[in-house]
Number of protein chains: 2
Amino acid sequence: MKNSLKVERAKKDMTQQDLAERIQVSRQTVNSIEAGKYVPSTVLALKIAKVFDVGVEEIFQLEDGD
Amino acid sequence: MKNSLKVERAKKDMTQQDLAERIQVSRQTVNSIEAGKYVPSTVLALKIAKVFDVGVEEIFQLEDGD
DNA sequence: ACTCAATGTAAAATATACTTTACATTTGGT
DNA sequence: ACCAAATGTAAAGTATATTTTACATTGAGT
C-alpha cells in the first residue's frame with residue numbers, strides 16, 4: 001500500500017505534529033504511516049481522510065502483493 | 001466505528017466465506033469485522049471496498065468516541 | 001554560520017489485529 | 001422434521017499497529 005499523506009499535508013501546510021494532534025495519535029505514528037512502516041487501522045484512515053476532506057482511496061492505494 | 005458489511009454482502013448475495021476468499025482472510029475474520037469485534041487494517045478496508053465497488057466510507061463510518 | 005523546527009529512526013513495551021481450531025446456534029430449503 | 005450451509009462465539013497463539021523515549025538528521029530562516 002502506498003499513500004499520499006505527505007502531499008496532502010503539504011497542500012494544507014500541515015506538519016506531522018499538526019496532523020497527529022488532529023487525529024489523536026503520536027507524531028511518530030504519523031511519520032511511520034507516511035513512511036509505510038506499517039498500515040494504519042481503518043479508523044485512522046477515515047480520520048485522516050476527513051481532515052483532508054477526501055476519500056480514503058485518495059490517500060491510500062493498494063499495490064500488487066497487498 | 002460501524003459498518004454496513006452485512007448489507008453489502010446481501011446486495012451481492014455473498015457469504016462471509018465468499019468475501020473472505022476474495023480478500024484473502026479467514027471467514028472468522030470477516031465475521032469479527034462485521035460484528036465490530038475489531039477494526040480492520042486499511043488494506044483490508046480498501047480490498048473490501050473494491051469487492052463491493054464502493055468507497056471505504058460507504059462501508060465503514062466513524063462514530064463518536066472513535 | 002547558527003538556530004530551531006520539522007522530520008527521520010530505533011528500540012522496547014503495550015495493545016490490537018488476525019489466525020487456527022473447535023464447537024454452538026441459526027437459517028433456509030426440502 | 002431433517003439436514004446442511006451459514007453464521008456466531010471463544011480461546012490461545014502469532015503478527016502487526018501504536019506508544020513512549022531518545023537521539024540523529026534535514027530544512028528553512030536569519
Side-chain angles (χ1 to χ4, degrees):
Chain A
M1 180 171 85
K2 64 179 183 179
N3 72 73
S4 55
L5 219 46
K6 194 162 191 167
V7 171
E8 293 297 328
R9 278 199 305 110
K11 281 186 193 173
K12 286 200 163 245
D13 196 37
M14 286 177 90
T15 64
Q16 291 182 341
Q17 183 62 41
D18 291 337
L19 177 57
E21 280 163 14
R22 288 288 291 277
I23 64 174
Q24 294 160 306
V25 294
S26 67
R27 192 270 300 167
Q28 278 88 329
T29 295
V30 170
N31 177 267
S32 296
I33 293 168
E34 198 162 291
K37 290 272 171 59
Y38 51 73
V39 175
S41 68
T42 299
V43 164
L44 279 192
L46 287 170
K47 284 182 174 182
I48 289 165
K50 195 171 176 188
V51 167
F52 295 126
D53 200 32
V54 295
V56 169
E57 285 87 348
E58 294 298 309
I59 299 174
F60 301 101
Q61 298 91 41
L62 287 172
E63 289 183 305
D64 290 349
D66 280 340
Chain B
M1 182 170 84
K2 64 178 184 182
N3 72 74
S4 56
L5 219 46
K6 193 159 190 173
V7 171
E8 294 296 329
R9 279 200 302 109
K11 281 185 192 172
K12 287 201 163 239
D13 195 37
M14 286 177 89
T15 65
Q16 292 183 340
Q17 183 64 38
D18 290 335
L19 178 57
E21 280 162 15
R22 291 286 293 275
I23 64 174
Q24 293 159 306
V25 295
S26 67
R27 194 268 304 166
Q28 280 91 330
T29 297
V30 170
N31 178 267
S32 297
I33 293 169
E34 197 162 291
K37 289 274 173 59
Y38 52 73
V39 173
S41 68
T42 299
V43 163
L44 279 193
L46 287 170
K47 283 183 174 182
I48 289 166
K50 194 172 175 185
V51 167
F52 294 127
D53 201 31
V54 297
V56 168
E57 284 90 349
E58 296 299 308
I59 299 174
F60 301 102
Q61 300 92 41
L62 287 172
E63 288 182 304
D64 289 349
D66 281 341

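Below, chain A is the first sequence line, B the second, and so on; all start at residue 1.
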Grab the N/O contacts between the protein and nucleotides 13-17 of chain D below 3.5 Å, and write none if there aren't any.
{"from": "D/dA17", "atom 1": "OP1", "to": "A/V39", "atom 2": "N", "distance (Å)": "3.3"}
{"from": "D/dA17", "atom 1": "O5'", "to": "A/V39", "atom 2": "O", "distance (Å)": "3.3"}

> Taking OP1 and OP2 of C/dA6, is either one under 4.0 Å from a side-chain nitrogen or oxygen of A/K6?
Replying inline: no
> Separation of B/D13 atom CG from D/dA5 atom C1', in whole Å?
Replying inline: 13 Å
> Could you state the CD1-C1' distance from A/I23 to D/dT19, rounded to the nearest angstrom?
Replying inline: 14 Å
> Looking at side-chain heavy atoms only, is the closest gap between A/K47 and A/K50 below 4.5 Å?
Replying inline: no
>> Categorize B/T29 for me: base, sugar-phosphate, or nothing, with a 4.0 angstrom heavy-atom threshold over every strand shown.
In response: base
Provide a list of protein-nucleic acid N or O atom pairs under 3.5 angstrom, restricted to nucleotides 23-26 of chain C.
none

>> For A/F60 and A/T42: C-alpha separation, side-chain torsions, deciding distance, then whether side-chain contact (heavy atoms from CB on, under 4.5 Å) applies.
In response: CA-CA 11 Å; A/F60 301 101; A/T42 299; over 6 Å; no
> A/Q16 CD to D/dT18 P: how many Å, rounded?
Replying inline: 15 Å
> What's the CD-P distance between A/Q17 and C/dG8, to the nearest Å?
Replying inline: 14 Å
> Hey, does A/K11 have a side-chain heavy atom less than 4.5 Å from the side chain of A/S4?
Replying inline: no
> Under the side-chain contact (heavy atoms from CB on, under 4.5 Å) criterion, do A/V7 and A/F52 qualify, and how do the steps go?
Replying inline: CA-CA 11 Å; A/V7 171; A/F52 295 126; over 6 Å; no
>> I need the minimum non-hydrogen distance between A/T29 and A/L44, along with the two atoms involved.
In response: CG2-CD1, 4.4 Å
> Roughly how far, to the nearest 0.5 Å, is the CG atom of B/L46 from the CD1 atom of B/I23?
Replying inline: 11.0 Å
> With sugar-phosphate meaning primed atoms plus P, OP1 and OP2, does A/S26 contact a base, only sugar-phosphate, or nothing at under 4.0 Å between heavy atoms?
Replying inline: base
> With side chains defined as the heavy atoms from C-beta onward, is the minimum distance between A/R27 and A/V30 less than 4.5 Å?
Replying inline: no
> Rounded to the nearest Å, what distance is computed from the CG atom of residue B/N31 to the P atom of nucleotide C/dT20?
Replying inline: 15 Å
> In whole angstroms, how far is the P atom of C/dG8 from the CD atom of A/E34?
Replying inline: 6 Å
> Taking the side chain as C-beta and beyond, is there a heavy-atom pair between B/E57 and A/E57 under 4.5 Å?
Replying inline: yes
> For B/E21, does its backbone N or O pair with a side-chain atom of B/Q24 as donor and acceptor, under 3.5 Å?
Replying inline: no
> Choosing from C/dT7, D/dT7, D/dG8, which nucleotide comes nearest the side chain of B/R9?
Replying inline: D/dT7
>> How many whole angstroms separate atom CG of B/L5 from atom C1' of D/dT7?
In response: 13 Å
>> What is the separation between atom CG on A/L19 and atom P on C/dA6, rounded to the nearest whole Å?
In response: 14 Å
